[in-house]
Q: 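Provided herewith is a single structure, encoded as structure tokens, for subsequent inquiry.
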2 protein chains.
Amino acid sequence: MGINERKEREKAELSQLILKGAMEVFLEVGFENTSIRKIAERIEYSPGTIYVYFKDKDEILHELHHTAFDQLMEVMEKTAVHQEPIDQVYAIGDSYITFALENPQLYDLMFVLRAPMNAINPECEWEDGFRTYEYFKSVLIKAVEKGQLKPVDPEVLCVTFWATVHGLVTLYLRERFQNLPQEQIEPLMRYSLREMVKQYELVTSDQ
Amino acid sequence: MGINERKEREKAELSQLILKGAMEVFLEVGFENTSIRKIAERIEYSPGTIYVYFKDKDEILHELHHTAFDQLMEVMEKTAVHQEPIDQVYAIGDSYITFALENPQLYDLMFVLRAPMNAINPECEWEDGFRTYEYFKSVLIKAVEKGQLKPVDPEVLCVTFWATVHGLVTLYLRERFQNLPQEQIEPLMRYSLREMVKQYELVTSDQ
DNA sequence: CAAATTTATTGAACAGTGTTCAAAAATGCA
DNA sequence: TGCATTTTTGAACACTGTTCAATAAATTTG
């Protein structure tokens, strides 16, 4: 049944084409201006076709949110070049800020917008977020075990660090740092995060 | 010219009526489902009338965002009952979380949504945010002066604390804490924040 | 008081949105 | 080729923010 296989392949290809077009439109015009009709026009199909391959707009956004997590995960895993867990903690923080500032739309999709979360079954697993969260936590656990961070519950450490960096970048991306001089914001964010992590270090060898 | 005065009064009254209706609709159905037509229907006027009193939807949302800040400011100022600045710091953090959890829509309007910020002149003063920020900073300065917090730049302290609490509540409100057991999230947020502030205390007299 | 003028309100219209679904086109099989 | 199945279409529905000529109301003038 080679034909059925080809058909399945074609279905998958059109699925991917839709997502590719959706990502292009999304990155170009942002969440608020991304419409099904624009995506359809981009890939030269009718709006109706999209609904054969995806249940609704939220499902498409969820797929984009998924590939965004792949990108963030890749960036985070590159910090494994650092031998010491504590160094990796700082590197992850810095990479996270860089990723958010370089991919503001993707960041929104991953951590701010409600839409992509609507495509997740009721009360259940947010696998993409879980993956990155657990990776970061594993690094924190190693840092605690090595005596580089105070013996605080890793869950608490993880939530606290994540919340801080998330708070920093979202306040910035949503223009809530208007009281600060524009050019000072990014350095301040990075400094603020570093200093905060530093408070949790066990042996502080401040220069 | 009593008539002109009465007319101005009536204009102001209808302005307020629109905002009252807008706030009701907004709190009932949320940002995504608040439409000009629904607001008009609520106050029994035509959609067109609203545009005589407000430039666009963003301007209305900006007004709501303004009254939301009044509410938050009131809550924050109540923490002044604490004699010691450091106690007030903890109290403000706790009140902030409570306010966000009790008024998720208002919190969105103040710190997450782009819409209300669009009604602010280009690159200029976000007075509402500034007011609360400066108030919090003044408390932090006092705490530093009294030797209750480490001598860190108050601007850095302020941004860090604010980002952490903002990060905690937004991750929660946007359902990004799905990996944690629902009933543990709120206590964990409060604990996480307290522990974080504690790291910045000069004299730690743990439990 | 009546007419003219100014002010306030209306609601249809425009261009857009997500989504559905009967009809049309394309494809596969005999 | 003819028939059956699958795929694609695009008009239609009920919305959205916003505009603006037309209507209604209020005020001023004669």
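Numbered from 1 within each chain, the chains take letters A, B, ... in sequence-line order.
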Q: Expressed in angstrom and rounded to an integer, what is the separation of A:Glu13 atom CD from D:dT8 atom P?
A: 12 Å

Q: Centroid-to-centroid, B:Phe69 to B:Phe111, below 6.0 Å?
A: yes

Q: Check the pair B:Arg174 / A:Asp108 against salt bridge (Lys or Arg N to Asp or Glu O under 4.0 Å), numbers first and verdict last.
A: CA-CA 11 Å; B:Arg174 296 311 175 93; A:Asp108 258 21; over 6 Å; no

Q: For A:Thr34 and A:Gly48, find the nucleotide of DNA chain C closest to each by heavy atoms; which residue's nucleotide sits nearer the 5' end?
A: A:Thr34

Q: Measure centre to centre between the rings of B:Phe177 and A:Tyr133, then say whether the value is under 6.0 Å.
A: no

Q: Which whole-number value in Å describes the distance from A:Lys55 NZ to C:dG18 P?
A: 14 Å

Q: For A:Phe54, answer base if it contacts any base atom (sugar-phosphate contacts may also be present), sugar-phosphate if it contacts only those atoms, and nothing otherwise; contact means non-hydrogen atoms under 4.0 Å.
A: nothing

Q: Just how far, in rounded Å, is P of C:dT17 from CG of A:Asp56?
A: 17 Å

Q: With a 4.0 Å cut-off on heavy atoms, is A:Thr49 in touch with a base, just the backbone sugar-phosphate, or nothing at all?
A: base

Q: When the distance from CD1 of B:Ile39 to P of D:dT16 is rounded to whole Å, what number comes out?
A: 11 Å

Q: Within this structure, what is the CD1-to-C1' distance between B:Ile50 and C:dT10, rounded to whole angstrom?
A: 12 Å

Q: With respect to the phosphate group of C:dA8, does any side-chain polar atom (N or O) of B:Tyr53 fall under 4.0 Å of OP1 or OP2?
A: no

Q: Would you call the rings of A:Phe136 and A:Phe161 parallel, tilted or perpendicular if under 30° counts as parallel and over 60° as perpendicular?
A: tilted

Q: Atom CD of A:Glu32 to atom P of D:dT16: distance rounded to whole Å?
A: 17 Å

Q: Can you tell me if A:Tyr51 touches the phosphate of C:dT20, counting only side-chain N or O atoms and a distance under 4.0 Å to OP1 or OP2?
A: no

Q: Ignoring hydrogens and angles, answer whether the base of C:dG16 and the side-chain atoms of A:Arg37 contain a donor-acceptor pair closer than 3.5 Å.
A: no

Q: Looking at the side chain of B:Tyr45, which of D:dT16, C:dT9, D:dA12 is the nearest nucleotide?
A: C:dT9

Q: Just compare D:dG10, D:dT18, C:dT17 and give me whichever is closest to any side-chain atom of B:Ile36.
A: D:dT18

Q: Answer yes or no: does a side-chain N or O of A:Ser46 lie under 4.0 Å from OP1 or OP2 of D:dG10?
A: no

Q: Measure centre to centre between the rings of A:Tyr107 and A:His166, then say whether the value is under 6.0 Å.
A: yes

Q: Please give, in whole Å, the distance from C:dT19 C1' to A:Asp58 CG?
A: 12 Å

Q: NA contact type, A:Leu14, heavy-atom cut-off 4.0 Å: base, sugar-phosphate, or nothing?
A: sugar-phosphate

Q: Provide, to the nearest angstrom, the distance between the CD1 atom belonging to A:Ile43 and the C1' atom belonging to D:dT8.
A: 12 Å

